[in-house]
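For reference, the structure discussed in these notes is given below.
Quick note: residue numbers are just sequence positions, from 1. Basis for what follows: all heavy atoms, side chains included, without hydrogens, waters or symmetry-related copies.
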Amino acid sequence: MKKTLYVLILSLVVISGLVFSFSSFANDSKTKTEIKKETKPVKRTLSNAEKKSMLEQRKKWEASPDGIKFNDWKNSPEGKKVQASYEKIKNEINAFDKMEAIVTSVTFQFPTTNPSSPKWLVVKINGEDYMMQFSPNDFEKFKNLKVDDKIFIRSRSAGFSHNHPYLILSSDYIEHNNKVLFERDLSKNDGC
């Protein structure tokens, strides 16, 4: 009888220990999850002072010769055409979707004598022309492309400038004949 009592007590102690351990493990996991949730970065809204400062800087720039020239261009037919071309592909840019493009120029250059200046690939997407800028080394990957070649592009962003005739797409991914010709490595810039 004593042996049976010892076995029951020992069993009760072991089971109680397991229940206690599991219970504290579950609470630890819950606590860690709650801590992780709390430490997620929260989008910071700008203070009124920061908003006011940014607005003042923008007004100052808009009053400068460069700002005036840019706003004149933005309101011109050329500027409005470039802005409209962005509207046509902004959903694909935001979703980082593939866009079918036709190469229209592999020789476009701004007047310069510097061989290390950027090289430009000009493409047509849905009837609109777009530009993509590359370093001379990266542009070597496109040496076999010809006008009227069909390529697929993915772009994360776009920009416009009064110095450029078309919307400028970021050069993030280019594919031709099911072969990736170019893919930007964002790990070098910590994802920027």
Side-chain angles (χ1 to χ4, degrees), residues 43 46 54-55 57-192:
K43 283 189 176 180
L46 296 175
M54 289 175 67
L55 184 61
Q57 289 174 358
R58 182 175 177 92
K59 284 181 180 180
K60 185 178 177 183
W61 177 80
E62 286 176 345
S64 73
D66 284 340
I68 292 168
K69 187 186 282 188
F70 178 78
N71 281 327
D72 288 346
W73 171 82
K74 190 174 177 183
N75 295 319
S76 72
E78 295 85 10
K80 288 179 180 177
K81 183 175 180 351
V82 170
Q83 292 173 72
S85 70
Y86 170 72
E87 292 298 321
K88 288 185 175 184
I89 62 169
K90 74 178 180 181
N91 292 336
E92 287 83 357
I93 289 173
N94 291 335
F96 196 56
D97 284 341
K98 274 188 184 180
M99 297 178 276
E100 184 178 308
I102 303 297
V103 175
T104 59
S105 176
V106 290
T107 58
F108 181 89
Q109 282 187 294
F110 288 101
T112 181
T113 56
N114 187 351
S116 65
S117 64
K119 306 294 181 195
W120 296 90
L121 183 64
V122 181
V123 297
K124 192 173 287 290
I125 303 171
N126 296 332
E128 295 290 337
D129 289 314
Y130 299 91
M131 306 175 75
M132 301 177 84
Q133 178 182 343
F134 299 91
S135 70
N137 288 342
D138 286 338
F139 199 77
E140 280 296 310
K141 298 171 185 172
F142 308 117
K143 64 183 175 190
N144 293 328
L145 281 182
K146 298 178 211 64
V147 170
D148 292 331
D149 278 350
K150 182 167 67 170
I151 61 175
F152 290 93
I153 295 170
R154 285 185 180 160
S155 183
R156 286 183 173 82
S157 62
F160 48 83
S161 165
H162 65 280
N163 296 326
H164 297 74
Y166 311 117
L167 187 73
I168 306 161
L169 299 179
S170 64
S171 318
D172 297 312
Y173 175 91
I174 298 178
E175 174 186 315
H176 177 60
N177 290 335
N178 295 320
K179 180 183 174 192
V180 176
L181 297 180
F182 182 81
E183 189 166 14
R184 186 166 309 283
D185 182 7
L186 296 177
S187 66
K188 293 178 183 176
N189 300 325
D190 295 327
C192 295

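- Side-chain contact check for Phe134 versus Glu140: every heavy-atom pair is 4.5 Å or farther apart.
- Taking CG of Asp149 as the reference point, atom CG of Asn177 lies at 7.5 Å (rounded to 0.5 Å).
- Minimum heavy-atom separation, Asp97 to Arg154: O-CG, 3.7 Å.
- Taking both residues in full, the closest heavy atoms of Lys88 and Glu92 are given as O-OE1, 3.8 Å, listed atom of the first, atom of the second, then distance.
- Lys98 NZ to Ile174 CD1: the interatomic distance, rounded to the nearest 0.5 Å, is 12.5 Å.
- Minimum interatomic distance between Val123 and Ala101 (heavy atoms only, all atoms of both residues): CB-CB, 3.9 Å.
- For the pair Trp120/His164, a side-chain contact is recorded, criterion being any heavy-atom separation below 4.5 Å from C-beta on.
- His176 places no side-chain N or O within donor-acceptor distance of the main-chain N or O of Phe152, the cut-off being under 3.5 Å.
- Residue pairs meeting the salt bridge (charged side-chain N to carboxylate O under 4.0 Å, His left out) criterion with at least one partner in residues 65-85, sequence neighbours excluded, are Lys81-Glu128.
- Side-chain N or O atoms of Ser157 include none that pairs as donor or acceptor with a backbone N or O of Ser170 at under 3.5 Å.
- At least one donor-acceptor pair under 3.5 Å links the side chain of Arg184 to the backbone N or O of Ser171.
- Remark: the backbone N or O of Ser135 is not paired with any side-chain donor or acceptor of Asp138 at under 3.5 angstrom.
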- Query: Given the rule in the side chain to side chain contact (heavy atoms under 4.5 Å, CB included) test, do Val106 and Leu121 qualify, once you have shown the distances and angles that lead to the verdict?
  - Reply: CA-CA 5 Å; Val106 290; Leu121 183 64; 3.6 Å; yes
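- Here the CG atom belonging to Leu145 is positioned 6.0 Å from the CD1 atom belonging to Ile151, to the nearest 0.5 angstrom.
- Annotation for Glu62 and Asn71: closest pair CG-ND2, 3.6 Å, computed over non-hydrogen atoms.
- One finds the OH atom of Tyr173 at 9.0 Å from the CG atom of Leu181 (value rounded to the nearest 0.5 Å).
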- Item | Intermediate values then yes/no, side chain to side chain contact (heavy atoms under 4.5 Å, CB included), Trp73 and Asn163 | CA-CA 9 Å; Trp73 171 82; Asn163 296 326; over 6 Å; no
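- Considering only heavy atoms from C-beta on, Tyr130 comes within 4.5 Å of Ser85 through its side chain.
- Taking every heavy atom of both residues into account, Thr104 and Lys124 meet most closely at CG2-CB, 3.8 Å.
- Atom CG of Asn75 sits about 7.5 Å away from atom CD of Gln83, to the nearest 0.5 Å.
- Taking the six-membered ring for Trp and thresholds of 30 and 60 degrees, Phe142 and Phe182 have ring planes inclined between 30 and 60 degrees apart.
- Residues Ala158 and Leu167 approach most closely at CB-CD2, 3.8 Å, considering heavy atoms.
- The backbone N or O of Ile93 lies less than 3.5 Å from no partner atom in the side chain of Ser155, so there is not a single donor-acceptor pair.
- The shortest distance between side-chain heavy atoms of Met132 and Ile153 falls below 4.5 Å.
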